[in-house]
*Asks:* 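Below are the structure tokens for one structure; questions will follow.
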Amino acid sequence: MSTQLTTAYRLYFPLLVQKCTRMLGDGHEAQDVAQDTFMRLYSAGLASAEARVVTAWLYRTSTRIAIDRLRARKRHAPDPAAVDTLLVADASESYTAARELWSSVADRIPPLELEAAVLTRVDGLTQQEVAEVLGMNARSVRRLLTRFEACVDALRRQEGMQA
Amino acid sequence: MTSSSRHPSYLELDRHALGAQREAGTAGHVASCTRCRSYVERVTPAEQAADVPAWLCNLAESAPPRTGPRLRVPLALTGALALAAGVCLTWWSAQSALDRPPAYDTAKGLPAVAVYVNHSGNVSLWAGAALAPRDSIRLEVAAEDFVHVSVFVDSHSQAGHGRQLLYQGHVTAHARELLPKAWQLDDAELPEHISVLFSTNAITPAHAVELLTAETLDPAHAYLVQVTLPKRRE
């Protein structure tokens with residue numbers, strides 16, 4: 001096995017598992033997404049790239065794959081009273097409790113808005129870091145987050161009416 | 001760092017564990033914060049990889065990685081083309097001859113995409129700069145072994161999201177081909193994410209979307225090139 005591959009595995013797989021676990025919880029799904037992301041990293045020829053480049057790429061790619069997984073989960077109506085949890089600024093802990101809630105709204109919020117929200121609220125990234133990860137400027141990130149909040153607000157009203 | 005009084009982001013902590021952090025205060029915070037120190041310990045690379053999983057062995061035995069990263073192909077490609085030919089295609093003008101650039105500088109067997117931009121009538125090869133609203137773009141593809149191409153753009157609106165099919169059609173294998181359509185960028189400032197899916201046979205739009213969302217693509221049958229075009233406000 002190539003040294004490059006084992007080195008990349010040693011450097012990046014632990015943080016990748018942690019990142020996926022934050023989004024998807026412990027278990028096979030987080031491991032699957034971490035593995036999938038790592039395989040894509042290798043096949044993209046990025047395994048030996050500079051660490052800042054690789055980490056940004058890993059955050060972007062694993063977030064997108066994890067969001068796809070969340071969207072694929074069986075949809076169920078969110079608890080309208082709990083929807084506000086999605087707007088908590090430092091949500092790494094509260095997110096753990098609200099993971100099911102994110103799953104339930106994942107297919108109702110546009111993916112880019114969701115990516116930006118996950119990166120800020122789950123991974124605690126600053127808007128500048130999100131801009132770096134998503135390859136856009138900070139103003140666009142702010143716009144995405146504003147739209148995310150509007151989506152959550154609309155969802156809360158919608159679910160509140162249905163409840 | 002989110003702020004001096006808050007925890008650094010997990011990205012910053014990951015980078016700290018790899019020795020690639022940017023913020024000067026990260027190390028000090030980690031040293032004094034139990035939560036962050038505990039996290040950094042979990043992600044700090046071991047001296048030696050303890051147990052190498054079976055899938056990693058399989059990965060090592062499978063196809064070697066691409067010589068260039070997927071997302072860099074268009075950039076590298078456009079740079080090489082611009083450097084080699086000083087290309088300025090005038091494909092909007094029917095009277096102008098199409099000055100073909102030299103061969104693509106890419107690994108043998110890898111499909112590639114070049115983007116041409118028409119900004120206020122001036123056409124140039126895109127080299128990564130932010131585009132203006134209402135610029136038009138046109139794609140040139142080198143399909144290598146593939147014979148069909150599907151082009152999608154990510155669409156986002158208040159009404160929802162999805163992928164909008166821009167173009168589908170046959171392309172000539174082992175040749176460069178300018179796709180017959182041009183697309184104008186909208187006024188939104190968000191970047192345009194374009195997916196160019198090469199396939200070995202004609203596929204339906206629905207099948208193309210299926211492949212785009214697949215976790216893995218069989219490179220013998222399909223290959224995806226993704227291009228992100230940043231936009232600026234005018």
Side-chain angles (χ1 to χ4, degrees), chain A residues 1-2 4-7 9-15 17-19 22 32 35-36 38-40 42-47 49-52 54-59 65 68 89-90 92 109-113 119-120 122-126 129 132-137 139-140 143-144 147 150-151, chain B residues 1-3 6-15 17-22 39 42-50 52-53 55-57 59-72 130 154 156-158 160-162 188-191 193 213 215-216 219 228 230-233:
Chain A
M1 192 183 308
S2 78
Q4 181 198 70
L5 183 59
T6 50
T7 300
Y9 176 77
R10 187 174 57 81
L11 291 177
Y12 302 120
F13 200 69
L15 69 88
V17 171
Q18 293 291 325
K19 157 79 175 125
R22 284 196 295 276
D32 280 353
Q35 180 180 329
D36 186 7
F38 185 85
M39 291 170 81
R40 292 186 193 205
Y42 179 67
S43 61
L46 275 171
E50 199 264 323
R52 295 188 69 84
V54 175
T55 47
W57 190 94
L58 291 175
Y59 266 66
I65 298 173
D68 285 345
D90 184 9
S92 51
I109 294 176
L112 259 181
E113 283 80 346
L119 289 169
T120 52
V122 179
D123 297 322
L125 270 61
T126 62
E129 287 174 323
E132 179 196 347
V133 167
L134 296 183
M136 58 179 62
N137 61 38
R139 183 188 297 174
S140 298
R143 196 165 296 172
L144 286 173
R147 287 187 198 168
C151 286
Chain B
M1 297 269 288
T2 48
S3 80
R6 296 179 61 186
H7 301 295
S9 69
Y10 283 107
L11 176 63
E12 179 68 8
L13 292 175
D14 288 337
R15 287 172 167 174
L18 295 168
Q21 77 276 16
R22 176 171 289 165
Y39 175 79
R42 285 201 298 276
V43 297
T44 296
E47 288 299 316
Q48 296 287 329
V52 176
W55 61 264
L56 195 67
C57 299
L59 182 62
E61 289 162 9
S62 66
R66 289 196 290 268
T67 52
R70 178 186 301 174
L71 292 176
R72 286 185 182 173
D154 285 7
H156 304 282
S157 68
Q158 293 291 356
H161 68 279
E189 198 186 344
L190 291 175
H193 298 284
T213 53
E215 288 178 24
T216 53
T228 298
K231 287 197 287 188
R232 65 175 186 267
R233 184 187 291 272

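Values reported hereafter were calculated over all heavy atoms of this structure, with side chains retained and with hydrogens, waters and symmetry mates removed. Since we're looking at a predicted model, the values are computed, not measured. Letters go in sequence order (proteins before strands), and every chain restarts at 1.
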*Asks:* Which answer fits B:R42, side chain, backbone, both or neither, if we ask what part of it has an atom under 4.5 Å from a heavy atom of chain A?
*Replies:*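 When you check distances to chain A, atoms from both the backbone and side chain of B:R42 fall under 4.5 Å.
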
*Asks:* Can you say whether A:I65 sits under 4.5 Å from chain B via the side chain, the backbone, both, or neither, judging by heavy atoms?
*Replies:* neither

*Asks:* Under a 4.0 Å N-O cut-off, is there an ion pair linking A:E50 with B:R15?
*Replies:* no

*Asks:* Could you tell me which residues satisfy side-chain contact (heavy atoms from CB on, under 4.5 Å) with A:M136, sequence neighbours excluded, listed by chain and number?
*Replies:*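 A:M136: side-chain contact (heavy atoms from CB on, under 4.5 Å) contacts with A:L112, A:L134, A:S140, A:V141, A:L144, B:P191.
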
*Asks:* Identify which part of A:V133 has an atom lying under 4.5 Å from any heavy atom of chain B, answering side chain, backbone, both or neither.
*Replies:* side chain

*Asks:* So which part of B:L11 gets closer than 4.5 Å to some heavy atom of chain A, the side chain, the backbone, both or neither?
*Replies:*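 Looking at B:L11, backbone and side chain both touch chain A.
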
*Asks:* Do B:Y39 and B:D14 have a side chain donor and acceptor closer than 3.5 Å?
*Replies:*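 Yes - a donor-acceptor pair under 3.5 Å links their side chains.
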
*Asks:* Residues two or more places apart in sequence or in another chain: which of them pass side-chain contact (heavy atoms from CB on, under 4.5 Å) with A:P14?
*Replies:*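 Here no residue qualifies.
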
*Asks:* Identify which part of A:A47 has an atom lying under 4.5 Å from any heavy atom of chain B, answering side chain, backbone, both or neither.
*Replies:* neither

*Asks:* Quick one, A:R40 and A:W57 - any side-chain contact, counting heavy atoms below 4.5 Å?
*Replies:* yes

